[in-house]
Amino acid sequence: MSIFDQLSGNGRPIAVSPVCSRKGCRASAAWELLWNNPKIHTPERRKAWLACDEHRDWLQEYLEQRALWRETRAFAPSTGGAAGTAEGL
């Protein structure tokens, strides 16, 4: 998705609801998976992927197998959580 996909006809941004980070999934996010890579991030740093109910376990297992997973919690869009994406997963 490019910035142009997020603009309405009048050039103003339109609201985009947060979606699952699993490649190809466009379902609404229900979970936030917090992770960090200890080889490149400080211990307190947290990156976030969003997950729908269907892909929560898959994404968490992916992170756990690589010793990157730290916490999974319910996603609250109003918090404006800093979500990364899992493109290619």
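For the single chain, residues carry numbers from 1 onward in sequence order.
Here the NE2 atom belonging to His55 is positioned 5.5 Å from the SG atom belonging to Cys20, to the nearest 0.5 angstrom. Separating the CG atom in Asn37 from the NZ atom in Lys39 is a distance of 7.0 Å, to the nearest 0.5 Å.
Evaluation of the side-chain contact (heavy atoms from CB on, under 4.5 Å) rule for Glu54 yields Cys52 as partners, not counting sequence neighbours. The side-chain contact (heavy atoms from CB on, under 4.5 Å) check on Asp57 picks up nothing, with sequence neighbours excluded.
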Using distance only, find each side-chain donor-acceptor pair of residues 67-76 under 3.5 Å and give its atom names and separation, not counting sequence neighbours.
unit_1 : atom_1 : unit_2 : atom_2 : d
Trp69  : NE1    : Thr72  : OG1    : 2.8
Arg70  : NE     : Asn36  : OD1    : 2.9
Arg70  : NH1    : Ala67  : O      : 3.4
Arg70  : NH1    : Leu68  : O      : 3.4
Arg70  : NH2    : Asn36  : OD1    : 2.9
Arg70  : NH2    : Ala67  : O      : 3.4
Thr72  : OG1    : Gln60  : OE1    : 2.8
Arg73  : NE     : Glu32  : OE1    : 3.0
Arg73  : NH2    : Glu32  : OE1    : 3.3

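Note on ring orientation: taking the six-membered ring where Trp is involved, the planes of Tyr62 and Trp49 are tilted (angle from 30° to 60°).
In terms of heavy atoms, Ala51 sits closest to Arg56 at CB-CA, 3.7 Å. Closest of all the heavy-atom pairs between Leu33 and Leu59 is CD2-C, 3.8 Å.
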